[in-house]
Amino acid sequence: MLTLAFIRENKEIILKGLAVRNFANAEKIIDQVIEKDAFRRTTQTDLDKVLAESNKISKEIGKFYKSGEVQKANLLKEKTSQYKQETKILSEKLSLVETDLNELLYLIPNIPNKLVPSGNSEEDNEVIFQEGDIPKLHKNAIPHWELAKKYDIIDFELGNKITGAGFPVYKGKGAKLQRALITYFLDKNADAGYTEIQPPLLINEASGFGTGQLPDKEGQMYQVGIDNLYLIPTAEVPVTNIYRDVLLKESDFPICNTAYTPCFRREAGSYGAHVRGLNRLHQFDKVEIVRIEHPENSYAALDKMVEHVKCILQELGLPYRILRLCGSDLGFTSALTYDFEVFSTAQNRWLEISSISNFESFQANRLKLRFKNKDGKSELAHTLNGSSLALPRVLAGLLENLQTEEGIKIPDVLVKYTGFDIID
RNA sequence: GGAGAGGUGGCCGAGCGGCUUAAGGCGCACGCUUGGAAAGCGUGUUUAUAAGAGAUUGUAACAAGGGUUCGAAUCCCUUUCUCUCCGCCA
């Protein structure tokens with residue numbers, strides 16, 4: 001959520017930014033916000049005046065009662081009914097306009113960073129980096145869902161039986177490889193200075209609101225209606241909400257956390273070949289990194305996160321590329337996002353395995369996540385997060401790219417975690 | 001799940017219709033004192049929002065929401081969380 005002060009003072013910048021996103025009716029909405037905000041402020045001032053007057057009278061009444069001048073007190077009491085009436089009308093007006101304002105603010109996405117290219121589809125995302133050789137596979141190479149069956153390491157049909165589509169069962173070396181990857185990612189993140197967190201996997205409404213899943217994206221989360229809780233769609237939600245309603249000191253920066261969690265997504269409406277196998281699941285594992293930064297350092301932090309993920313993919317030896325997302329592909333809350341994609345040789349396509357974003361103060365405004373700056377004023381912090389990394393597609397990439405006639409060769413860095421070097 | 005007790009500032013803790021401008025303590029910051037430190041003494045120490053160039057001033061906030069009242073931390077209702085005991089349980 002953008003702040004009112006920012007909208008008031010930067011209308012042109014905002015309109016330019018929203019144009020990069022092809023955001024419709026931008027000017028109309030911004031004008032409405034500015035108008036309603038002006039009304040909100042005058043109403044606030046009026047209400048404060050009435051309340052001040054009525055507080056004053058109440059105090060006088062108190063004094064008269066104490067000194068026994070009951071008649072004078074009663075006389076004043078009559079005056080207060082008018083103030084009460086005015087207070088009621090003004091505060092109703094105020095809460096109404098505040099509700100309207102908030103609804104408008106929820107419609108406005110974050111303003112893209114200057115680097116974000118404008119665009120109409122994922123075709124317009126910029127490839128800014130590519131590394132790793134795309135392997136030449138033997139002629140009997142197959143996609144990962146067939147490999148999973150061949151070596152009996154992931155059972156999709158068993159998941160259908162227990163739960164439904166999108167809930168695979170990992171077995172034997174498949175389960176072990178997955179666990180090895182999680183531990184390896186967590187160790188890499190810890191080495192880079194991230195503190196490991198084990199958050200709850202269920203969140204309440206306030207948390208969903210804080211990171212922007214609520215009020216209108218509840219359809220994408222699984223709900224536990226009886227207790228009014230939601231299963232997390234990503235560790236970002238509980239880990240970022242640690243800092244909801246928090247006032248930090250400048251010396252607290254940078255805050256770097258990492259968490260492994262399962263993630264639950266309803267993915268309503270998805271279907272087809274692109275969601276086959278591990279490509280899109282309702283439950284999947286992910287290791288997330290979350291940073292809270294001073295506004296001056298957030299872009300340097302974003303670069304560090306990108307370098308960190310690069311280093312992991314290099315070690316795993318997977319061919320990957322980095323995209324800078326264009327305006328139309330950029331998430332609602334993000335100012336700048338880099339997507340990492342691994343090339344799946346057997347599917348002959350790129351698979352998204354990480355998405356690293358700087359939200360600037362957009363999330364922090366909703367979270368009320370602030371810090372005391374040098375002037376002693378409170379200022380919104382910047383939040384960033386990224387996957388480091390998402391398991392299923394890394395697994396898919398590993399299986400498909402490292403398959404040989406003899407079996408699937410485990411990367412050297414993982415062998416100490418798996419305890420085996422080939423799946424055959 | 002049942003019974004009881006509670007939720008007050010960064011922390012502890014008093015207040016239980018107007019003397020609260022939230023006592024007192026701890027912590028923290030600054031100053032005095034000192035060769036330096038400790039102790040002692042003094043001063044200061046919440047957040048949000050509106051107005052103002054600013055110093056400041058107004059308003060709101062004592063778990064949350066609603067109510068009673070001229071006036072609520074204080075009384076009433078609802079919700080929520082914590083603690084103790086019982087029950088259940090990895």
Side-chain angles (χ1 to χ4, degrees), chain A residues 1-9 33-102 104-105 198-210 214-215 223-230 238 241-253 255 262 361 363-381:
Chain A
M1 196 161 71
L2 297 176
T3 65
L4 283 168
F6 182 78
I7 295 176
R8 225 182 282 147
E9 286 152 27
V33 169
I34 292 171
E35 184 195 321
K36 280 186 190 289
D37 177 53
F39 180 71
R40 181 196 119 247
R41 283 183 295 152
T42 57
T43 310
Q44 173 84 264
T45 309
D46 292 347
L47 176 63
D48 285 356
K49 275 186 200 151
V50 174
L51 284 172
E53 195 59 31
S54 123
N55 284 346
K56 216 171 95 190
I57 289 180
S58 285
K59 262 174 205 156
E60 282 174 27
I61 291 173
K63 271 183 210 154
F64 282 137
Y65 271 125
K66 238 182 299 166
S67 61
E69 298 169 272
V70 178
Q71 283 211 324
K72 283 189 182 173
N74 285 337
L75 221 70
L76 276 180
K77 265 199 204 178
E78 285 169 24
K79 262 176 100 176
T80 58
S81 71
Q82 185 199 334
Y83 288 125
K84 271 190 129 174
Q85 195 63 251
E86 283 178 39
T87 303
K88 204 182 156 200
I89 292 169
L90 285 170
S91 45
E92 272 169 13
K93 263 194 202 171
L94 189 64
S95 70
L96 213 73
V97 75
E98 278 173 349
T99 311
D100 284 359
L101 257 177
N102 274 329
L104 285 171
L105 289 176
Q198 284 191 8
L201 306 182
L202 290 144
I203 50 138
N204 58 26
E205 282 192 315
S207 295
F209 181 83
L214 299 177
Q223 296 191 33
V224 183
I226 194 165
D227 290 310
N228 209 17
L229 299 171
Y230 300 85
N241 269 285
I242 293 173
Y243 303 95
R244 169 154 50 85
D245 291 321
V246 166
L247 187 62
L248 297 166
K249 298 189 292 273
E250 276 200 328
S251 59
D252 293 331
F253 294 122
I255 294 173
S361 62
Q363 272 186 336
N365 188 31
R366 272 218 200 180
L367 289 162
K368 297 207 189 78
L369 164 53
R370 299 157 205 271
F371 69 97
K372 274 259 182 263
N373 66 19
K374 286 190 190 77
D375 306 326
K377 295 236 167 80
S378 42
E379 189 179 332
L380 293 170

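Below, chains carry the letters A, B, ... as their sequence lines are ordered, and counting in each starts from 1. Not measured: the values here are computed from a predicted model.
- Residue-level contact check: Ser81(A) touches neither bases nor backbone, having no heavy atom under 4.0 Å from any strand.
- Here the closest non-hydrogen pair linking Pro238(A) and Pro199(A) is CB-CB, 3.6 Å.
- Look at CG on Asp46(A): it is 15 Å from C1' on U49(B), rounded to the nearest Å.
- The nearest whole Å value for the distance from the NZ atom in Lys63(A) to the P atom in G71(B) is 17 Å.
- In this structure, the CD atom of Gln85(A) is 14 Å from the P atom of C70(B), given to the nearest Å.
- Separating the C1' atom of A73(B) from that of C19(B) is a span of 16 Å, rounded to the nearest Å.
- Put simply, Lys77(A) has no side-chain N or O that comes within less than 4.0 Å of OP1 or OP2 on U69(B).
- Each side-chain hydrogen bond (donor to acceptor under 3.5 Å, both in side chains) pair with one or both residues in residues 86-102 of chain A, not counting sequence neighbours, appears once here: Lys36(A)-Asp100(A), Gln82(A)-Glu86(A).
- Comparing the P positions of G13(B) and U84(B) gives an interatomic distance of 15 Å, to the nearest angstrom.
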What is the per-nucleotide protein-contact pattern of nucleotides 50-65 of chain B, from the 5' end, where B denotes a base atom under 4.0 Å from a protein heavy atom, S denotes such proximity for sugar-phosphate atoms only, and - denotes neither?
-> SS------BSS-----

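- Note: CG (Asn204(A)) to C1' (U79(B)) measures 14 Å, nearest angstrom.
- Atom CG of Asn365(A) is separated from atom P of A48(B) by 12 Å (rounded to the nearest Å).
- Between the C1' atoms of C81(B) and G65(B), the separation comes to 15 Å (whole Å).
- Distance check on atom C1': C16(B) versus C11(B) gives 23 Å, rounded to whole Å.
- The two atoms that bring Met1(A) and Leu105(A) nearest to each other are CG-CB, 3.9 Å, heavy atoms only.
- Spacing between U45(B) and U8(B) at atom P, rounded to whole Å, works out to 22 Å.
- Side chain to side chain, Ser207(A) and Asn204(A) meet the donor-acceptor criterion of an N or O pair below 3.5 Å.
- When all heavy atoms of Arg244(A) and Ala206(A) are compared, the closest pair comes out as NH1-CB, 3.6 Å.
- Within 4.0 Å of Tyr65(A), counting heavy atoms only, lies at least one base atom of the nucleic acid.
- Residues Ser378(A) and Leu247(A) come closest through the heavy atom pair CB-CD1, 3.8 Å.
- The environment of Gln198(A) atom CD is sparse: at most 12 non-hydrogen atoms of other residues, nucleotides or ligands sit within 6.0 angstrom.
- Here C70(B) presents its P atom at 17 Å from CZ of Phe64(A), a figure rounded to the nearest Å.
- Here the separation of C62(B) from G42(B), taken at their C1' atoms, is 30 Å to the nearest Å.
- Of all non-hydrogen atoms in Arg40(A) and Leu101(A), the two that sit nearest each other are CD-CD1, 3.7 Å.
- The CZ atom of Arg8(A) sits 8.5 Å away from the OG1 atom of Thr3(A) when rounded to the nearest 0.5 Å.
- For Glu9(A), the CD atom is densely surrounded, since the number of other residues' heavy atoms within 6.0 Å is greater than 12.
- Rounded to the nearest Å, the gap between the P atom of A64(B) and that of G54(B) is 31 Å.
- Thr80(A) comes within 4.0 angstrom of sugar-phosphate atoms only, judged by non-hydrogen atoms across all strands, and of no base.
- Atom CD1 in Ile255(A) sits 7.5 Å away from atom CG in Leu369(A) (nearest 0.5 Å).
- Base pairing in RNA chain B yields stems of at least 3 consecutive Watson-Crick or G-U pairs, both distances under 3.5 Å, namely B:1-7 with B:80-86, B:10-12 with B:24-26, B:27-32 with B:40-45, B:46-51 with B:56-61, B:63-67 with B:75-79.
- In terms of phosphate contacts, Ser378(A) brings a side-chain nitrogen or oxygen within less than 4.0 Å of OP1 or OP2 of A48(B).
- Contacts of Lys249(A) with the nucleic acid, taken as non-hydrogen atoms under 4.0 Å apart, are absent.
- Atom CG of Leu247(A) is separated from atom P of C11(B) by 13 Å (rounded to the nearest Å).
- The gap from the C1' atom of C28(B) to that of G35(B) amounts to 27 Å, rounded to the nearest Å.
- U47(B) atom C1' lies 17 Å from atom CZ of Arg244(A), rounded to whole Å.
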